[in-house]
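Data block below; observations after.
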Amino acid sequence: VDIVYIDSTKGWMPIHTTNTADKTKTETRFLVVAGGGSAGADNGGGGGAGGVRGGLDDSNGIFTPALSSTYTIVVGQGGSGSDGNNYNNGSNSSLSGSGLTTQTATGGGKGGAGTPVSGSNGGSGGGSGQNNSGGTGNAGGFTPVEGHNGGSSNSTQSGGSGGGGWGGAGQNAQGTSGQASVGHGGIAKISNITGADIYYAGGGGGGSNQSNEAYSGLGGNSSNAPEKGGAGDGGHSSAIGGNGTANTGGGAGGSSQNYSGVSAPTGGSGVVIIRIPAGLYASSTGSPTITNIGGDKLLQFNGSGTFTTN
């Protein structure tokens, strides 16, 4: 109900209106995470994390939605493949609509396989296989960057290098034995858009350089699962690398030497999260998870969809 002045006879009167948007609160936050890259076999480099736009409590992740407008969400899938030599980058995620510069996060680059295969470019770059270079991150050329470079290898007998992460570059693989010969994935980074500190977009760890060697790269350069940002660890003892976790953008872990399975590890799918003042939110499609938090509606899109303002 709005109180409106009619005239000197009727004075102020209550008028019912269907537009209940609170125009005094319009600031809307967003987090856009692309799908993480897959990873290769036979000393495989880790997959690069999906690129990230927004997500931090600063001006780069805030916009003012137009009233009575629809915004489109695309959530990218993690890279996958049929085997350790045929696999893919992650897919892009995006947020677009009226009055907003389209926010596109680039899919993570796939890790290199064997000798001598480089990592691919992406939101974060994939780690290299043996004796080659990692992929370049921040493919969108953004400031602040959406991700970092994958690691490189200086030896034909190293393990795989680490994939790049949102928070830092993947580690290089140097030499022929021990932990130094295998790269850890680039670190993840925290967003508190949900009201909790959650790590997103860690780089995948590199695969071991010998089938019987216990050394492999850690996803997100961490043994603590929440800090990995969804990234997979590298494989060892002829094992496949770890998959990225769904809806984190984490890169897949590289598979070890002599892995001969029929699938490639899969990068973590992306996610788009919108935190909009409750009075501005009207409806959505695509079945996002919706929660109330501090006078806002928190919409988590694990798949593509839309939301509409009042």
Side-chain angles (χ1 to χ4, degrees), residues 36-50 78-79 81 84-85 87-90 107-139 147-156 158-175 179-188 201-209 215-222 228-229 231-236 240-244 249-257 259 264-268:
S38 185
D42 192 13
N43 322 111
N85 296 297
Y87 54 99
N88 301 293
N89 288 7
K110 64 183 180 181
T115 305
V117 181
S118 64
S120 294
N121 301 337
S124 281
S128 74
Q130 295 171 327
N131 199 35
N132 216 307
S133 300
T136 301
N138 195 33
H148 292 82
N149 297 345
S152 299
S153 163
N154 67 355
S155 172
T156 57
S158 74
S161 304
W166 183 21
Q171 283 189 348
N172 297 333
Q174 303 193 35
Q179 187 62 65
S181 69
V182 185
H184 297 310
I187 62 173
S208 71
N209 64 330
Y215 300 105
S216 59
L218 294 171
N221 198 4
S222 178
K228 290 178 177 291
D233 293 337
H236 56 81
I240 189 173
N243 294 328
S255 298
S256 68
Q257 187 180 50
Y259 169 71
T266 301

Quick one, N172 with S152, criterion side chain to side chain contact (heavy atoms under 4.5 Å, CB included). Give me CA distance, side-chain angles, the key distance, then yes/no. CA-CA 5 Å; N172 297 333; S152 299; 3.9 Å; yes
Locate the shortest heavy-atom distance separating S216 from S208; write the atom from each residue and the value. CB-N, 4.3 Å
List the steps and the verdict of side chain to side chain contact (heavy atoms under 4.5 Å, CB included) for V182 and H236. CA-CA 11 Å; V182 185; H236 56 81; over 6 Å; no
Backbone of L218 reached by a side-chain donor or acceptor of H184 within 3.5 Å: yes
Are a donor atom and an acceptor atom from the side chains of N209 and Q257 found within less than 3.5 Å of each other? no
Do you know the tightest heavy-atom contact between Q130 and S155? CB-O, 3.5 Å
Run the side chain to side chain contact (heavy atoms under 4.5 Å, CB included) test on N138 and H148 for me, step by step, so that the C-alpha distance in whole Å, both residues' side-chain angles and the decisive distance to 0.1 Å come before the verdict. CA-CA 6 Å; N138 195 33; H148 292 82; over 6 Å; no
Donor-acceptor check, side chain of S153 to backbone of N131, threshold 3.5 angstrom: yes or no? yes
Kindly indicate, with the supporting measurements, whether the criterion side chain to side chain contact (heavy atoms under 4.5 Å, CB included) is fulfilled by K110 and N88. CA-CA 6 Å; K110 64 183 180 181; N88 301 293; 5.6 Å; no
Any sub-3.5 Å donor-acceptor pair from S255's side-chain atoms to G241's backbone N or O? yes
What closest approach, in Å, do S124 and G147 show between heavy atoms, and which atom pair accounts for it? OG-CA, 3.2 Å
Shortest non-hydrogen contact from T136 toward N121: N-OD1, 2.7 Å
To check you understand the geometry: which heavy-atom pair defines the closest contact between Y87 and S38, and what is its length? CB-OG, 3.7 Å
Answer yes or no: is there a side-chain heavy-atom contact under 4.5 Å between N221 and K228? no
Check whether any side-chain N or O of D233 sits under 3.5 Å from a backbone N or O of G219 as a donor-acceptor pair, and report yes or no. yes
Does the side chain of S128 come under 3.5 Å of the side chain of S133 through a donor N or O and an acceptor N or O? no
Contact summary for G253 and A39, nearest pair of heavy atoms: O-CB, 3.4 Å
